Amino acid sequence: MDLRRAFFLYKLIAKNQRCQVRRHPMFEKNVIMKIVSYFIVAFWAVYLMVLGVSFHSFFKDSSLEAFDWIDGGLVWFLILDFFSRFMMQDTPAQNVKQYKLLNIPNHFLLHVFLLRIGMQFYNLFWAFFFIPFGILSVPQFYGVEGLVGFWLGWWLLFVLNSYWYLFWRTLMNRNMLWGVCPFLLYLLCLYLGIFYDTENQWLFEGAIYLMRGFCQWSTWCWLLLIVGIIVMYIANFYLQKVAVYMEISKVEHIGVVKTRNMKFLDRYGVVGEYMKLEIKSMMRNLVIRKLYINGGLCMLMLCGLFSFSGIYDELPFMRVFICVYCFSCLGVMTLTTIMCAEGNYLDGLMVHKETVFSLLKAKYYFQCAVLLVPVLFSLMPIVEGKMPVLTMLACAFFTSGVVFPFIFQLAVYNDFSIHLNKKLTRSGRNTKVQMLMSAAAMFLPMLIMYVLVEVFGETYAAIVMLSMGVIGTILHPLWLKNIYQRFMKRRYQNMDGFRNSR
């Protein structure tokens, strides 16, 4: 294949991937989603920039230089980046399948998709942290050239990490047991970096030495990194060739699903049966399961940072943000598509009277039970003395009594079915109303709590929020009944939307 044709095909495939979202049947309903998505990206960008400035201020008076502490935590950044890619990065094998009928060689397609993975925007997302941090800490020691080397070294490390993730993710698509390998490796790195107490912390010091080599433009450091990228690229190329063949020639096998009876829910009658459905849906459906996993990881990360570091001690709004976010995120993430999963089989639910009402009650009780997870995570800041028990109770009840009634209103207006076993980015989620409601459900409680804390103090703010939450929780039969009645008025309109989007 000559160079001109290769370049033309590369641009054509890149354009085709950019237009992929526009082909979705829900695109016309998602016009405002792009604006809200830009807002979310901008929020995290500003958040990372604030973290970069805060980390410099926190470490500038320590025994080591500020950039040495960040460079020594190289493994931490790579681990966090690795797990965040599970909801952001696809594997090329499924993308190649749609081009098989065209006169394009497989090896060329694989090179195109692998190159695009290395050049994707997400590899630059951490730059919002490292650019302000590097400007404040590196030039005074290594000048502008050292600063450029610092930035370029971190970027290439995340490129290497993207290929490292792709390698294990492809293997995990064949068998989830492959995920044990990177998990054990990262666990060993964390053990050596935190709990293994020796005079010479070789993991910490080795990362510092490597990153200083980038700042000094040391040949062997750059050579080591480039060789690592090439090795992982070649390994992924041959692995993806096998994955493409397996994807095309695979035969669907239907395994025997073991049913868990969960007899302890039988005493609750129809509501108990729908609670069983919620539990099984969380365990079996790919989209819903990933929502709970991603939300749990975000909660654990924020609670860990809040508990065992001092970066949020002088930021009152961030303290409020973490307290509210940890209790609201799982409910907002999963309830944004309330009734969309049931849209795949809603016709059967409408056969019996008030079946939907029992389903709504089961969903509410299940979400209240899930609140035990952030309660357990919040024990970390409580033990460290950074969160009062009263504040924890206030956030929990405010979520169940105020946030849940608000986000449950989407049960009336959601009118399309989601694909339960596709990736999150392809499941048909996020309409205009959903994005606005989820943003309001997440940020309005933060604003309310922040204003109450600033005006009345943390104790009285917690009492007010606890009172509002308890009232809303006690009155849940009334507002659930109201939602059910409004849903029944729109049932034919909603059922038509559910059928058209299956």
Side-chain angles (χ1 to χ4, degrees), residues 52 55 64-85 89 92 110-111 113-127 129-131 133-134 137-139 141-171 181-194 196 198-240:
F55 269 72
L64 295 175
E65 301 300 334
F67 59 86
D68 283 337
W69 285 106
I70 296 299
D71 294 342
L74 169 67
V75 176
W76 290 88
F77 285 98
L78 295 181
I79 291 175
L80 183 61
D81 178 72
F82 179 86
F83 287 105
S84 67
R85 291 179 184 273
Q89 182 172 321
L110 288 176
H111 283 304
F113 289 119
L114 288 174
L115 286 174
R116 287 185 60 80
I117 286 175
M119 301 299 294
Q120 64 182 346
F121 172 76
Y122 187 72
N123 294 330
L124 293 171
F125 188 70
W126 287 96
F129 175 86
F130 289 106
I131 286 177
F133 179 84
S137 57
V138 176
F141 297 97
Y142 296 103
V144 178
E145 292 183 358
L147 178 62
V148 175
F150 176 81
W151 289 339
L152 186 59
W154 273 107
W155 173 63
L156 289 178
L157 282 171
F158 288 119
V159 172
L160 174 61
N161 206 41
S162 67
Y163 290 127
W164 170 258
Y165 162 82
L166 179 61
F167 180 83
W168 292 109
R169 181 58 178 167
T170 305
L171 293 175
C181 297
F183 178 77
L184 291 179
L185 179 61
Y186 287 139
L187 198 62
L188 178 62
C189 291
L190 294 178
Y191 173 75
L192 294 175
I194 301 175
Y196 191 63
T198 61
E199 295 181 359
N200 186 16
Q201 291 284 348
W202 59 269
L203 186 64
F204 180 79
E205 294 181 357
I208 293 177
Y209 191 64
L210 176 67
M211 295 306 300
R212 280 181 177 254
F214 293 143
C215 294
Q216 296 169 353
W217 290 88
S218 177
T219 304
W220 76 267
C221 291
W222 292 105
L223 185 62
L224 180 65
L225 181 56
I226 293 174
V227 168
I229 292 176
I230 293 174
V231 169
M232 290 307 305
Y233 182 94
I234 295 174
N236 276 291
F237 178 79
Y238 287 103
L239 183 62
Q240 292 300 321

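Values in this document were obtained by computation on a predicted structure and should not be read as measured data.
By the neighbour-count criterion of 12 heavy atoms within 6.0 Å, atom CD of Gln216 is densely surrounded, having more than that number from other residues, nucleotides or ligands. Counted within 6.0 Å of CZ on Phe141, heavy atoms from surrounding residues, nucleotides or ligands total more than 12; the atom is thus considered enclosed. Counting non-hydrogen atoms of other residues, nucleotides and ligands closer than 6.0 Å to OH of Tyr209 gives a total of 12 or fewer.
Scanning all heavy atoms of the two residues, the minimum distance from Ser137 to Ala66 falls at CB-CB, 4.3 Å. The shortest heavy-atom contact between Gly134 and Trp151 is CA-NE1, 4.2 Å. In terms of heavy atoms, Cys215 sits closest to Val138 at SG-CG1, 4.3 Å. The shortest non-hydrogen separation linking Cys221 to Gly213 is SG-CA, 3.6 Å. Leu78 approaches Leu157 most closely through the heavy-atom pair CD2-O, 4.1 Å.
With rounding to the nearest 0.5 Å, the separation of CG in Leu124 from CE in Met119 is 8.0 Å. Distance check, rounded to the nearest 0.5 Å: CG of Asp71 to CZ of Arg212 gives 8.0 Å. Here Trp126 contributes atom CH2 and Ile131 contributes atom CD1; the two are 14.0 Å apart, rounded to the nearest 0.5 Å. With rounding to the nearest 0.5 Å, the separation of CG in Leu225 from CH2 in Trp220 is 10.5 Å. Atom CD of Gln120 is separated from atom CG of Leu115 by 12.0 Å, given to the nearest 0.5 angstrom. Atom OH of Tyr233 sits about 11.0 Å away from atom CD of Gln240, to the nearest 0.5 Å.
Counting only heavy atoms from C-beta outward, the side chains of Leu166 and Leu239 never approach each other to under 4.5 Å. The shortest side-chain heavy-atom distance between Met211 and Phe67 does not fall under the 4.5 Å cut-off. Taking the side chain as every heavy atom from C-beta outward, Leu156 and Trp222 approach each other to under 4.5 Å.
For Tyr142 and Phe150, the gap between ring centers reaches or exceeds 6.0 Å. In this structure, Phe77 has its ring center closer than 6.0 angstrom to the ring center of Trp154.
No donor-acceptor pair closer than 3.5 Å links the side chain of Asn123 to the backbone N or O of Asn161. Remark: side-chain polar atoms of Asn236 are paired, donor with acceptor, to backbone N or O of Tyr163 under 3.5 angstrom.
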Given side chain to side chain contact (heavy atoms under 4.5 Å, CB included), test Trp164 with Asp81 step by step and report yes or no. CA-CA 11 Å; Trp164 170 258; Asp81 178 72; over 6 Å; no
What do the steps show when you test Ser162 against Tyr122 for side chain to side chain donor-acceptor pair (under 3.5 Å), and what is the final call? CA-CA 9 Å; Ser162 67; Tyr122 187 72; over 6 Å; no
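Under the ring pair (Phe, Tyr, Trp, His ring centres under 6.0 Å) rule, Phe82 has a single partner from Trp168, Tyr186, Phe158, which is Tyr186. Evaluated for a ring pair (Phe, Tyr, Trp, His ring centres under 6.0 Å) with Phe55, the options Phe133, Phe129, Trp76 yield exactly one hit, Phe129.
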